[in-house]
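The structure appears below as structure tokens.
Each chain gets a letter, A, B and so on, in the order its sequence line appears, and its residues count up from 1. Being a predicted model, the structure only gives us computed values, none of them experimental.
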There are 2 protein chains.
Amino acid sequence: MAKKQVTFADIAEYTHFSKTTISRYFNHPDSLTLENQEKISQALDTLGYKKNKLAKVLANGKSEFIGIIVPNLYLHYYSEMLTQLLSSYSNYHYKFLVFSSEHGAEEEQQYIEELLSYQIEGLIVLSHTLSSQKLASYQIPVIAIEREAEYISSITTDNYMGSLQATSLLIRDKCDILIHINVNVEKTVPAYDRIRAFEETCKEYQVPYDIDLSVSGNSYQEILNVIRRIFTRIEEKYPNQKKGIFLANDTYANMFLNLIFQKYGKLPPTYEIIGFDNSPIASESILPITTVGQQIDVIAQTAMELLVQQMEEQKKRAPKPLEKPIHKQITPVLIRRNTTS
Amino acid sequence: MAKKQVTFADIAEYTHFSKTTISRYFNHPDSLTLENQEKISQALDTLGYKKNKLAKVLANGKSEFIGIIVPNLYLHYYSEMLTQLLSSYSNYHYKFLVFSSEHGAEEEQQYIEELLSYQIEGLIVLSHTLSSQKLASYQIPVIAIEREAEYISSITTDNYMGSLQATSLLIRDKCDILIHINVNVEKTVPAYDRIRAFEETCKEYQVPYDIDLSVSGNSYQEILNVIRRIFTRIEEKYPNQKKGIFLANDTYANMFLNLIFQKYGKLPPTYEIIGFDNSPIASESILPITTVGQQIDVIAQTAMELLVQQMEEQKKRAPKPLEKPIHKQITPVLIRRNTTS
DNA sequence: TTGTATGCGTTATCAG
DNA sequence: CTGATAACGCATACAA
């Protein structure tokens, strides 16, 4: 601590006011005469005052902190979401304490304890490790984004609508066989709706379909190998049919497209491909990929609105916690590019 | 505020100790009898105590906060760096307040003011908007990552070495003409060394070279259009020669590779391509791209070491600020993949 | 419009 | 080994 901080006491002494008046200068300036405002204002920069928000928080209980827990930032979806959340600073002036966690529940609970000890007013959770029941038990406004959220409020993409749009496009384009490629997602996860919608839509329109949930792996290479296997299988099984492939995300879609290109040097008319997420890879691919675009900005914005609302409620004298969690769905948009006709 | 927080006062009352003893229980437990430790420990969870770090900070001045300012998280480089920095939590237990800023100096100054008001102990800057001189004036430990840093400590990739390795490989592979494609970087930016090394190496080995710094644009499409123009020019100018292309980053490299593939359906032997960064796109491309890999984990780790060291110094009774800023360079590694022989 | 007194939850100093 | 008491920097009733 080089030189001690300048405090209200110092300013008060210097200006011959009381600390209270200095406090008021910041919080209710109109209650001072213009003359005195000016005096204090002068004193502030001759003394070089710098405010101390922590002291303020301790005194009034409003930390303006929001905790965020993301699984990682490697996936574009998460880093983009974080960007959008951070950018809400200009509207709400909440500060964000960010933790990245995907190594188990204990670690994550520790992080939350730590966050709580900093008096965060709210929490945004994107990781999947803790149950919503556990999260609800912390007695603090929580918003889940795209995860299981039975006991807490949440924002999710309308996965059903997204998948429906993709599937419909493939049907409209007269594909002979529709194929959905995905990991074996749990039914509690919102993204499971992508599988549901695909299947139900295919059934409704009575088109043949094939659902392959064999994707797995922790590295790009591992996953690529699985996709290659799937590609081979499809090539063998549906040789002369027009294949409409709907993949769980753009990374898979890009892999699949690359395999096709490596074999044929182009995208033959017997293939249509649709991804999910509208991540950068979808446009950077050898052929810009048609994809279901998640409206990450809208999701982030909605999450903040919901959270702010609940945090405001907490500040009232008799805060009424939500009777039921609020769940909102954001409709994704189909972005047509060059892998569909 | 549902129920008031449990404080030391409550615990003291309950256990018939003083607040001081409770404090000691947490900070110097050995100075209590085991029996009394046990008593307090019991009281803690029957009362449901939750610690308040803000109060602690106010009392002892150590916030354990570090501020981070990144330009954006859209670029993989930044999001990966942030991930790595966040992961240092397990070693140092510093918490991170993150701001994203690339819209001008005023905004960024405001952010820093805000960060300072939260008593951050150190600052990590990845954005380019504020001069190192300005940053140094804040009188707080600052580490710059991959940016101008005359007046503050910094970590950068050894761009010269990286570029040297790439250029050498292209020479070794007997390219007739070496071409470097980049934006027109300022000479103060560390990345300028990539251009320098390319030119100097070409001269030293007396191979013909061509430096094209015409890349510009704010969107993928804009940049792609420029790259296309450059591609056309190169095709016309060096039709039958073996071309060794070294691009400023993997995104450019991927664009270039896609253009080649779209024209030839493969990578003809008259082309070699090397990117920079080892970002995901380099492996996800139609052909895995040879690239200069920045060791982001090492950079982040080194940055934290340096920062922690300086923050520790600040906590001493007579802190000696650094006489000169410390600058460290991290050597990148050449990752050979399928776009070089 | 301004001041006094007290509290926020913890640590630090000094005494015993 | 334990306790009183005064910081830390600011906010807020309540008075004036």
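Contact between the side-chain N/O atoms of B:Thr21 and the OP1/OP2 oxygens of D:dG3 is found at a separation under 4.0 Å.
Across all strands, B:His28 comes closer than 4.0 Å to no nucleic acid atom at all (heavy-atom distances).
Side-chain polar atoms of A:Gln309 and A:Glu313 form no donor-acceptor pair below 3.5 angstrom. Using a 3.5 Å distance cut-off with no hydrogens or angles, the side chains of B:Gln84 and B:Glu80 do pair a donor with an acceptor. In summary, the side chains of B:Ser132 and B:Glu148 do present a donor paired with an acceptor at a separation below 3.5 Å, with no hydrogens or angles considered.
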Considering only nitrogen or oxygen atoms on both sides, find all protein atoms under 3.5 Å from nucleotides 8-11 of chain C and state each distance.
residue	atom	partner	partner atom	Å
C:dC8	O2	A:Leu58	O	3.4
C:dT10	OP1	B:Tyr49	OH	2.3
C:dT10	OP1	B:Asn52	N	3.4
C:dT10	OP2	B:Phe8	N	3.0
C:dT10	O4	B:Lys19	NZ	3.1
C:dT11	OP1	B:Asn27	ND2	3.3
C:dT11	OP2	B:Ser23	OG	2.9
C:dT11	OP2	B:Asn27	ND2	3.4

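As a whole-Å value, the separation of A:Lys62 NZ from D:dT12 C1' is 11 Å. D:dG3 atom P lies 9 Å from atom CD1 of B:Ile40, rounded to whole Å.
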- request: Given side chain to side chain contact (heavy atoms under 4.5 Å, CB included), test A:Lys134 with A:Tyr151 step by step and report yes or no.
  value: CA-CA 9 Å; A:Lys134 177 73 182 171; A:Tyr151 298 93; over 6 Å; no
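Ring centroids of A:Tyr118 and B:Phe65 are separated by less than 6.0 Å, placing the two rings close together.
The 5' end of DNA chain D is approached more closely, in terms of each residue's nearest nucleotide, by B:Ser18 than by the other of A:Leu54 and B:Ser18.
Taking the six-membered ring for Trp and thresholds of 30 and 60 degrees, A:Tyr49 and A:Phe8 have ring planes inclined between 30 and 60 degrees apart.
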